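We number each residue from 1, following the sequence as shown. Excluded from the calculations below are hydrogen atoms, water molecules and symmetry mates; all remaining heavy atoms, backbone and side chain alike, are included. Just so it is clear, the structure is predicted and the values come from calculations on it, not from any experiment.
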Amino acid sequence: MKDRLTGVRLRRRMSVVTLTVSNGRITPKTKSTRGARIAMGTPTDSDRALLLAQARELYGRVVYSHKAHEKQADIYDARNRLFQWCKVVLAAASSGTFLAALAGVFLEAELSSLVISFIALLLSAATLAGDTFKYGEATQRHRDCAARLWGVRESYLSLLVTLQSSDLDLPAARQERDALQAELEEAYGNAPRTTPRAYRAAQHGLQDHGDLSFDPGELDRLLPERLRQGRDDADV
C-alpha cells in the first residue's frame, strides 16, 4: 500500500467522504455538497419563489384592509354629517317663532305645543347620539389608519417589484419583509375595528370598480407626454 492513496470517495446523502491513507492510518475528510447545490440555483430560486408568494399574500391583505378603513371612514363621515344637519334643522325648528305660529294656524294650541316639544326632544336625542357615538372622531381614526396602511401597501408593492426583478438578495429581502411585518403589526394593533358593511364596500370597489387599476391608456393620459409608453418614438 502506498503512503498516500486518494480518490476513494463515499457519497452519503449531502456529503462526500474522501479517505486518505498515510503511514498506515486512514483519515476521512468530509466535504459538504450543499454549497455546490446552492450554486446550481435550485434552493435559491425556490426560496425566492416562496418569499414572493408570501409577499403577494400580505400585499393582498393590506390592500383589503386599507380599502376597508377608507370605506369605514366614509360611512362614519356620512353619519356625522347627517347628525350635524339634523341638529341644525331641529334646533332652528324648535326655537323659531315661525313654526309656532304655523302650528297655531293649522293645529290647536295644545297640539302645536306638543309638536314643538317633540321636535325639541328629537334635537336632544340627536345631540346625545352624536356625543355618544362620536362619528367625527371615529372617522379621523379610520383615516389615520388608512394613511398608515397605504405606506405599508406601497412598500410591499416595491418589494414585489424588486423580488421579481431579482435585484435584491434573499437575506436583504427577508430583512425588509420582517421590517414591514413589524410595521404592519403595530398598525393593526392600533387600528379601530371595521364593520362588514365597510368590507363589502371595499370588496365591491376593488373587484367591480377596479379602484387600484387603470383602463388601457388611462395611465398614459395622467403622465407627462415624455413618460408615456403608448406614444410614438417619432414624437420624442
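Heavy-atom minimum distance, Pro192 versus Cys145: CD-CB, 4.2 Å. In terms of heavy atoms, Val62 sits closest to Leu149 at CG1-O, 3.6 Å. Minimum interatomic distance between Ala202 and Lys71 (heavy atoms only, all atoms of both residues): N-CG, 3.8 Å. Minimum interatomic distance between Tyr188 and Arg61 (heavy atoms only, all atoms of both residues): OH-O, 4.0 Å. Taking all atoms of both residues into account, the shortest heavy-atom contact from Ala138 to Tyr76 is CB-CD1, 3.5 Å. Nearest heavy-atom pair, Ala73 versus His142, reported as atom, atom and distance to 0.1 Å: CB-CB, 3.8 Å.
With rounding to the nearest 0.5 Å, the separation of CG in Leu159 from CD in Gln54 is 9.5 Å. Here NE2 of His66 is found 13.5 Å from CZ of Arg148. Values are rounded to the nearest 0.5 Å. Distance check, rounded to the nearest 0.5 Å: OH of Tyr199 to NZ of Lys67 gives 13.5 Å. Rounded to the nearest 0.5 angstrom, Leu163 CG and Glu176 CD are separated by 8.0 Å. With rounding to the nearest 0.5 angstrom, the CG atom of Leu184 is 7.5 Å from the OG atom of Ser65. Interatomic distance, OH of Tyr135 versus CG of Asp77, reported as 12.5 Å (0.5 Å rounding).
Remark: Asp178 does not engage Arg174 in a salt bridge, criterion side-chain N to carboxylate O under 4.0 Å.
For Arg56, the CZ atom is loosely surrounded, since the number of other residues' heavy atoms within 6.0 Å does not exceed 12.
A donor and an acceptor atom, one from each side chain of Gln140 and Asp144, are located under 3.5 Å apart.
Under the 4.5 Å side-chain heavy-atom criterion for ILVMFWY residues, a single connected hydrophobic cluster contains both Tyr64 and Leu58. At a threshold of 4.5 Å between side-chain heavy atoms, the hydrophobic network of Ile, Leu, Val, Met, Phe, Trp and Tyr places Leu170 and Tyr156 in one connected group.
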_side-chain contact (heavy atoms from CB on, under 4.5 Å) evaluation trace for Leu90 with Lys87_ = CA-CA 5 Å; Leu90 292 174; Lys87 287 192 293 184; 6.0 Å; no
